[in-house]
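The figures that follow rest on heavy atoms only: side chains count, while hydrogens, waters and symmetry mates do not.
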Amino acid sequence: MNIVFSYSFFFLQKWFLIHAFRGVRYTFTTSSLASEITKRIADALNPAFEKAKEEGLTRMENLDSDIDVQKSKLVKNLILPKIFDKELLYPDPKIVRQYGDKSILKEIDQILAIIRKEELGENYFSLSLDVDGKKEYSFNRDKSNNFHSIITKKSIGNPMIYKGTLRMLDSGTKIGKFINSSTKKTHNLRFRSENDIFSIREFLGGKQDFEFYGSPVIEYGSYDLYAGDIYFLMLRKE
């Protein structure tokens with residue numbers, strides 16, 4: 001079974017404007033819109049596609065040790081955490097760009113989920129883009145699995161200072177719900193240990209804001225400032 005996917009201009013335009021330029025303002029002329037959209041998708045897809053060609057990619061994640069390293073840096077004053085409010089007002093352009101890339105790649109990854117299903121037999125997905133000549137992106141099951149591993153692999157970012165309230169704590173899953181006072185949005189707040197959960201439990205259900213050091217969860221070089229997961233590091237005390 002061969003699955004060939006081609007974008008219509010209307011679909012590209014709608015999808016691209018929603019996902020690829022989130023948080024960034026661009027102006028297009030009607031004549032340049034199609035080529036700009038196609039180029040943006042190709043720019044996002046090329047690095048991940050080339051990496052997906054490599055054989056035997058493994059997904060190694062050890063977030064616990066990364067969290068311990070960040071905690072140690074905080075205790076020893078080896079790192080100066082950013083304040084979330086400043087990051088929100090002046091986000092790193094590289095992070096914004098990568099977030100757009102990730103949004104594009106996740107849409108493609110949803111299509112590739114069909115290719116990854118062994119019970120459906122050996123299939124492939126092919127995407128052609130006209131940018132500096134036609135370029136073909138073909139995925140079999142191995143490439144699709146590698147592609148998924150690349151764009152979903154998680155790490156943690158440098159610490160930031162967060163402020164808000166705690167709505168929920170679950171010691172079983174080690175996940176809480178944190179409402180960010182700057183955005184009024186809810187984040188999943190993840191914990192390394194039960195001791196970390198215990199240290200924050202007094203703020204559960206409270207209306208008074210508290211502050212803590214946390215690391216954003218990064219996927220494919222970016223994180224969601226507004227609703228992305230955060231790993232709790234430690235309380236911030238005056």
Side-chain angles (χ1 to χ4, degrees), residues 1-61 91-155 157 217-229:
M1 176 183 175
N2 297 337
I3 300 177
V4 179
F5 187 86
S6 62
Y7 290 105
S8 69
F9 173 75
F10 174 76
F11 179 76
L12 272 174
Q13 180 181 14
K14 181 179 178 182
W15 176 46
F16 181 70
L17 292 178
I18 290 172
H19 294 289
F21 282 169
R22 186 174 297 172
V24 182
R25 183 179 296 276
Y26 283 81
T27 302
F28 296 99
T29 63
T30 302
S31 60
S32 69
L33 182 58
S35 61
E36 290 289 340
I37 289 174
T38 305
K39 185 178 184 306
R40 179 66 179 91
I41 293 172
D43 287 347
L45 183 53
N46 284 333
F49 177 73
E50 292 301 319
K51 182 107 177 133
K53 292 179 181 178
E54 298 178 16
E55 301 238 350
L57 282 180
T58 56
R59 178 167 172 160
M60 298 290 291
E61 293 177 1
D92 185 338
K94 185 177 179 181
I95 295 294
V96 174
R97 173 80 182 192
Q98 282 290 104
Y99 188 79
D101 288 355
K102 183 178 69 174
S103 297
I104 292 171
L105 299 180
K106 281 198 167 184
E107 295 285 345
I108 295 172
D109 190 52
Q110 288 182 20
I111 300 166
L112 294 179
I114 300 171
I115 313 302
R116 290 192 290 270
K117 288 183 180 291
E118 293 187 15
E119 60 268 27
L120 296 181
E122 188 62 36
N123 303 308
Y124 75 88
F125 168 81
S126 180
L127 169 65
S128 294
L129 293 176
D130 287 316
V131 51
D132 298 326
K134 182 171 284 189
K135 181 154 187 180
E136 188 90 9
Y137 302 88
S138 294
F139 294 86
N140 58 16
R141 182 176 297 120
D142 287 341
K143 280 186 188 175
S144 298
N145 284 328
N146 284 348
F147 186 85
H148 181 73
S149 295
I150 290 164
I151 71 166
T152 59
K153 186 174 181 179
K154 292 180 174 58
S155 61
V217 176
I218 292 176
E219 277 188 350
Y220 200 67
S222 70
Y223 51 85
D224 184 351
L225 274 171
Y226 288 90
D229 289 6

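- Distance check: K143 NZ to S138 OG gives 6.5 Å after rounding to the nearest 0.5 Å.
- Qualifying side-chain contact (heavy atoms from CB on, under 4.5 Å) partners for P47, counting only residues two or more places apart in sequence or in other chains: Y220.
- Looking at residues two or more places apart in sequence or on another chain, you find no side chain to side chain donor-acceptor pair (under 3.5 Å) involving N145.
- Every residue two or more places apart in sequence or in another chain that forms a side-chain contact (heavy atoms from CB on, under 4.5 Å) with D142 is listed here: N140.
- Atom NZ of K134 sits about 5.0 Å away from atom OG of S128, to the nearest 0.5 Å.
- Of all heavy-atom pairs between G221 and I95, the closest is O-CD1, 3.4 Å.
- Taking the six-membered ring for Trp and thresholds of 30 and 60 degrees, F49 and F139 have ring planes more than 60 degrees apart, a perpendicular arrangement.
- Residues D109 and R116 have side chains in contact (heavy-atom distance under 4.5 Å, counting atoms from C-beta outward).
- Here Y223 pairs with nothing under the ring pair (Phe, Tyr, Trp, His ring centres under 6.0 Å) rule; sequence neighbours left out.
- When all heavy atoms of L112 and S144 are compared, the closest pair comes out as CD2-OG, 3.7 Å.
- Within the model, atoms OG of S103 and CG of D224 stand 8.5 Å from one another, a figure rounded to the nearest 0.5 Å.
- Contact record, T38 with D130: CG2-O, 3.5 Å, taken as the closest heavy-atom pair.
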request  = Applying side-chain contact (heavy atoms from CB on, under 4.5 Å), run through L105 and F147 and close with a yes or a no.
outcome  = CA-CA 9 Å; L105 299 180; F147 186 85; 3.8 Å; yes
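- Rounding to the nearest 0.5 Å places OG of S149 at 12.0 Å from CD of E54.
- Taking 4.0 Å as the cut-off between side-chain N and carboxylate O, R141 and E122 count as a salt-bridged pair.
- Atom CZ of residue R40 and atom CZ of residue R97 lie 3.5 Å apart, to the nearest 0.5 angstrom.
- Evaluation of the side chain to side chain donor-acceptor pair (under 3.5 Å) rule for E50 yields K53 as partners, not counting sequence neighbours.
- Residues passing the side chain to side chain donor-acceptor pair (under 3.5 Å) test with Y137, sequence neighbours excluded: N46.
- In this structure K117 satisfies the salt bridge (Lys or Arg N to Asp or Glu O under 4.0 Å) test with no other residue, sequence neighbours excluded.
- Nearest approach of P91 to V96, heavy atoms of both residues: CB-CG2, 4.0 Å.
- Within the 4.5 Å cutoff, no side-chain heavy atoms of D101 are placed close to those of I151.
- Residues that satisfy the side chain to side chain donor-acceptor pair (under 3.5 Å) test with D43, not counting sequence neighbours, are K39.
- I104 has its side chain out of reach of L45: every pair of non-hydrogen atoms, C-beta onward, lies at least 4.5 Å apart.
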